[in-house]
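For ligands, and for the atoms within them, numbers begin at 1 and follow the listed sequence. This structure is a prediction, so every number in the text was calculated from the model and none was measured.
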Amino acid sequence: MTHVSVLLPQALEYLAIRPDGIYVDATFGAGGHARAILERLSTGRLIALDADPEAVDRAKAIAHPALTFVHANFRALGDVLDAQGVPLVDGVLFDLGVSSMQFDDVQRGFSFRHAAALDMRMNPYAGKSAYDVLNTASERELADIFYQYGEERASRRIAHAIVERRRAGSLPKTTVEFANFVAGVTHRGSHARIHPATRVFQALRIAVNDELGALRDGLGAAIGRLRGAGRIVVISFHSLEDRIVKNTFREDERLNVLTKKPIVPGSTETAANPRARSAKMRAAERKAS
Ligand SMILES: C[S@@+](CC[C@H](N)C(=O)[O-])C[C@H]1O[C@@H](n2cnc3c(N)ncnc32)[C@H](O)[C@@H]1O
């Protein structure tokens, strides 16, 4: 499935693009938001990042003179801008989480609909895979991951069962095996509203990619690089992410919050794009000094 950009007109409205401005798309993905930003630039520039090396070719295909793509984690945004010789920018967009391409690519291990190695890394060349995390984290760490990132009530039981399987040398290696294993441990049947392993998969993905740590670092770097009345716009898909965005915006004295309540997609958008259902967008503006 191709990736449909979420809250596109709203994100553009809040970025308030100046044709001669310098913008950052911290999460290029399929380039949907990036293309729309580029259309609004004249002499301006867009620097786009993505941790996923597969985004490189998609950025090349756009072949727009105002676009510079850098394969990098947005937690290194400051270094990326330094390397580009760009001290300050007029706006930064974050559209968090995984893209439809990543989710649908069986080999990436994000989904348990088809059997694949338990990977889940946005950048498959860096860090530990989901299997490595399951194989090396302590029972306590695993329980915390499932509870904190997935609000999984059976977190301790699942963590304990994983450590037992590890000792027996029979830890599930594939997405489907692991999903069935979680369903077995929790005794939740297929009558459940969501698959019994959904929360555990989401929690593992957040841990594997240190998504919350990256968000904190990325927001900090972005806010520190805004100039004038520069804007920061964040679309999140998880309540923990939204809380970090909300609190960071509220507590940073350099910012005026533009969205008292998060902007959410309308019913037409959620009907056409189920991925949009959990989306929340917040925006802030640098206080002019
Ligand atoms: C929801 S998609 C973005 C879609 C994009 N806005 C579009 O319209 O096509 C999220 C993208 O962010 C990337 N990503 C997630 N966390 C990242 C991070 N910490 N640093 C850089 N890229 C990240 C993922 O690899 C994925 O491609």
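Shown in contact with Ala214 at under 4.0 Å from a heavy atom are these atoms of ligand 1, numbered in order with element: 19 (N). In the vicinity of Asn73, heavy-atom distances shorter than 4.0 Å reach the ligand 1 atoms 18 (C), 19 (N), 20 (N), 21 (C). Each of the following atoms of ligand 1 lies closer than 4.0 Å to a heavy atom of Asp95: 1 (C), 2 (S), 3 (C), 4 (C), 5 (C), 6 (N), 10 (C). Interface atoms of ligand 1 facing Asp52, defined by a heavy-atom separation under 4.0 Å, are 25 (O). Below 4.0 Å from some heavy atom of Val98 lie the following atoms of ligand 1, by number and element: 1 (C). Within the listing of ligand 1, atoms 5 (C), 6 (N), 7 (C), 8 (O) sit less than 4.0 angstrom from a heavy atom of His33. Interface of Gly31 with ligand 1, defined as ligand atoms under 4.0 Å from a residue heavy atom, comprises 7 (C), 9 (O).
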Derivation and outcome, side chain to side chain donor-acceptor pair (under 3.5 Å), residues Ser170 and Arg165:
CA-CA 5 Å; Ser170 59; Arg165 288 288 290 264; 3.0 Å; yes
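Between Asn123, Thr27, Leu7, Asp210, it is Thr27 that holds the heavy atom closest to atom 12 (O) of ligand 1.
Of all the heavy atoms in Thr270 and Arg277, the pair that sits closest is CG2-CA, 3.8 Å. In terms of heavy-atom proximity, Ala130 sits nearest to Val208 at CA-CG2, 3.5 Å. In this structure, Phe178 and Phe201 approach most closely via the heavy-atom pair CD2-CE1, 3.6 Å.
By the 4.5 Å heavy-atom criterion applied to side chains, Ile47 and Phe28 are not counted as neighbours. Counting only heavy atoms from C-beta outward, the side chains of Arg225 and Val24 never approach each other to under 4.5 Å. For the pair Arg121 and Asp52, the minimum side-chain heavy-atom distance is 4.5 Å or more.
Residue Phe237 places no heavy atom under 4.0 Å from ligand 1. At least one heavy atom of Ala72 sits less than 4.0 Å from an atom of ligand 1. For the ligand labelled ligand 1, residue Ala55 lies outside the 4.0 Å heavy-atom shell. Heavy atoms of Leu49 come nearer than 4.0 angstrom to ligand 1 in no pair at all. Residue contacts with ligand 1: Gln102 is included, with a non-hydrogen atom under 4.0 Å away. Residue contact check for ligand 1: His3 places a non-hydrogen atom closer than 4.0 Å to it.
In Arg156, the CZ atom is not crowded: 12 or fewer heavy atoms of neighbouring residues, nucleotides or ligands sit closer than 6.0 Å.
We find the CG-CD distance between Leu219 and Glu241 to be 10.0 Å, quoted to the nearest 0.5 Å. For the atom pair CD1 of Ile232 and CG of Asp90, the computed distance is 13.5 Å after rounding to the nearest 0.5 Å. Atom-to-atom distance recorded for Leu41:CG and Leu46:CG is 6.5 Å, nearest 0.5 angstrom. Atom CD of Glu211 and atom CD1 of Ile244 lie 10.5 Å apart (nearest 0.5 Å).
Looking at atom 16 (N) of ligand 1, its nearest protein heavy atom turns out to be Phe74 CE2, 3.8 Å. With hydrogens left out, the protein atom closest to atom 9 (O) of ligand 1 is Ala30 N, 3.0 Å, a heavy atom. Closest protein heavy atom to atom 8 (O) of ligand 1: Ser5 OG, 2.6 Å. Remark: minimum distance from atom 27 (O) of ligand 1 to any protein heavy atom is reached at Asp50 OD2, 2.7 Å. The protein heavy-atom contact nearest to atom 7 (C) of ligand 1 is Gly32 N, 3.4 Å.
Partner His238 forms a side-chain hydrogen bond (donor to acceptor under 3.5 Å, both in side chains) with one of Gln202, Arg243, Lys280 and no other, that one being Gln202.
Residue contacts with ligand 1 for Asn209 are absent, since no atom lies close enough (heavy atoms, distance under 4.0 Å). At a heavy-atom distance under 4.0 Å, only backbone atoms of Ala26 (N, CA, C or O) approach ligand 1. Both the backbone and the side chain of Ala51 come within 4.0 Å of ligand 1, judged by heavy-atom distances. At a 4.0 Å heavy-atom cut-off, ligand 1 touches Leu96 through the backbone alone.
Side-chain N/O atoms of Thr68 and Arg45 include a donor and acceptor closer than 3.5 Å.
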